Amino acid sequence: MKRNEVSNCLLCNSTLNQQITWKALLTNAFPKTFCIDCEQKFEPYENTSDQILSLYQYNDAMKDFLHRYKFMHDIILAKVFREQIHKHLSKTRATIVPIPLHPAKLKERTFAQVDELLKAAHIPYEHFLEKTTTETQVGKTRQERLATSQFFKLVKECKNKEILLIDDIYTTGATIQHAKSLLLESGAKSVKAFTLIRG
Amino acid sequence: MKLIKSPFKSYKGIILEPQIRDFFTGRIWIRTNTPFPQEKIETNLKFFKITPGITTKRGLLNRKIYRCNRCHNEKQQEFVRYDCARCNQTCIYCRHCINMGRVTSCTDLITWNGPKPKFSRNHILDWDGTFTDSQSKASKELTESIRRKNKHLVHAVCGAGKTEILFPAVLTALKEGLRVCIATPRTDVVLELFPRFQKVFPKTIIHALYGNAPTQTGLAQLVIATTHQLYRFENAFDVVIVDEADAFPYTYDPALQKAVLKVKKQHAPIALVTATPSHQILSKVKQEQWGYSFIPKRYHGHPLPVPIFQSLWSYDKQILKGKIPSKLSKWTETRLKNKEPFLIFFPTIKLMEIAIPLFQQINENILSVHAEDPDRKEKVLKLRNEDIPGLLTTTILERGITIKNVQVAVVGAESKIFTSSALIQISGRVGRNVNFPKGEIIFYHHGISTEMDEARTEIIRLNKEGFGGKTT
């Protein structure tokens, strides 16, 4: 990891005055990628269940972040939350499974947003699922989303595994529900979920 | 009269759609992200030249040096390498112009290479205003420079009537069938210039381009655009005029300055128009022998209001404590009593947001604006229409706005953000109307900075130049 890979805040482009500390030199901490002002704009999410954990609320700052990352394709923004993601996922014993994109969608976007978040946070992951429809959830009501039929298929054996599903955003839970039920039906021991954002 | 070319000579097997030609002439665009259906682009592909989005050259020690072919950015920190799922290899993208749609090394950029459209020579200038002597002199000098393809600087004080000076020069160029671009760093200036030019050039197709501008059709011969939008043009204009050439971010961003050079044709002239030319610009003018016009007088013939310095010690602490410093609140109350519209400039959004509820206790209709405010346009309009008594603002309103009889205070004039040119521009908001040529401009400070001194000295100097020694 290069120490000075980011010299300006990735979000507002103001200069980051990073001080070299013993902690930074001796531990494997991630160098800062965004400034304190930007950091304060994100609100942490208060988790109520241990089945689905989320880190942040979907406020205006987060909307802006997700737009720039996912739709403007600014991949380097995956590094913004790497420290927090690393903190939450590095100790888990479960197998980390990102929610996949449809292969056609992946070609169009040129990157898988969930995989990139994990890569930036140095979290190893495995793909068990494949998406079978290119239809998106955007613009559907909650009822419509929950009523859609299964849009994942299994690509790898998951018997007796403890699985932690990872997604960028949890809105109605339809995506996570589909993935979870498929994995449980296929013999997974337990399935929990973790998302960066709770909508 | 020239003979009309047979349409069959340029026939390349398919019928060319004029909308596509008109849109892409002079533009550089991402192949897959045009306003046209993708099939139309693909069927017309033989009319386009394709360039890769990012080119790589080798620098010192064989290190790779990237360059974005749309914004011509070469700052290496702004290039990001990533594993591209489309190409299954490492690709590079440019963060500098990412807001206009990402350009990667695997993106194709297209420029028009088909038959060139003809620009109209039939233009009229529908303007019945009159020039002062110095205005007409500057206007003639500018027109002459453009005709000779010479670079030119118009240095005119705030309120000298810079826009009008451009009219004859633009008309001459348009009548020769040339394509003209007026670029400015500020969206507000584009929004102000566009209706004015539309009114006086009724026969010309004019487009206004800025972030999130509505789509406009036809082949625009006159383009009024923010300097950022110039990234999307290449080798397009025969004349480029940069208005407010000293404004942020143009002076701070070398890519924007390069953009101005890339949008003009090779020998096309550039004209800069500003009230506060930087030292770099002035020395360039001397070295490269640009044409130079100087207007020290306002169009109405009254001198520029000279700023008054007043101490406002620890204003920030007082505001944080929830109290407006008494001098400032008195000033505000006087403005309210005299029913004079006022602007109060703040150095930071933060301080302004703490101050606004305090001001609203004095008068609940006082509002505040800053750069990210979506209602910016409406709020300024409200002040102009006298719906609200005054406005708190950041430096975003330092230029381009004209409000009748406005009175101005700058809080924390010693702050870094208020450079001498910003302060001159702010002072230039006052006394622009012929019926209210005087007005108050006060710099409230916590210690006088050199920039404040410089601004005041420059205003006094300009008044001397314009009025031969007499200052008010």
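The analysis underlying the following values was restricted to heavy atoms, covering all of them including side chains, and did not include hydrogens, waters or symmetry mates. By convention in this document, chain letters (A, B, ...) are assigned in the order of the sequence lines, proteins followed by strands, and residues within each chain are numbered from 1. Not measured: the values here are computed from a predicted model.
- Residue pairs satisfying the ring pair (Phe, Tyr, Trp, His ring centres under 6.0 Å) criterion with at least one member in residues 131-178 of chain A, sequence neighbours excluded, are listed as follows: A:Phe151-A:His178.
- A distance of 7.5 Å separates CD1 of B:Ile98 from CG of A:Leu77, quoted to the nearest 0.5 Å.
- Every residue meeting the side chain to side chain donor-acceptor pair (under 3.5 Å) condition with A:Glu43, not counting sequence neighbours, appears here in chain and number order: A:Asn59.
- A:Glu126 is linked by a side chain to side chain donor-acceptor pair (under 3.5 Å) to A:Lys156, counting only residues two or more places apart in sequence or in another chain.
- Surrounding CG of A:Leu26 are more than 12 heavy atoms belonging to other residues, nucleotides or ligands, all under 6.0 Å away.
- Contacts between A:Leu10 and chain B at a heavy-atom distance below 4.5 Å involve backbone atoms as well as side-chain atoms.
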Are there donor-acceptor pairs under 3.5 Å across chain A and chain B? List atom names and distances.
unit_1   : atom_1 : unit_2   : atom_2 : d
A:Leu10  : O      : B:Arg95  : NH2    : 3.0
A:His73  : O      : B:Arg102 : NH1    : 3.0
A:Asp74  : OD1    : B:Tyr93  : OH     : 2.6
A:Asp74  : OD1    : B:Arg95  : NE     : 3.1
A:Asp74  : OD2    : B:Arg95  : NE     : 3.1
A:Asp74  : OD2    : B:Arg95  : NH2    : 2.9
A:Ile75  : N      : B:Tyr93  : OH     : 2.7
A:Ile76  : N      : B:Tyr93  : OH     : 2.9
A:Thr110 : O      : B:Ala85  : N      : 2.8
A:Thr110 : OG1    : B:Arg102 : NH2    : 2.7

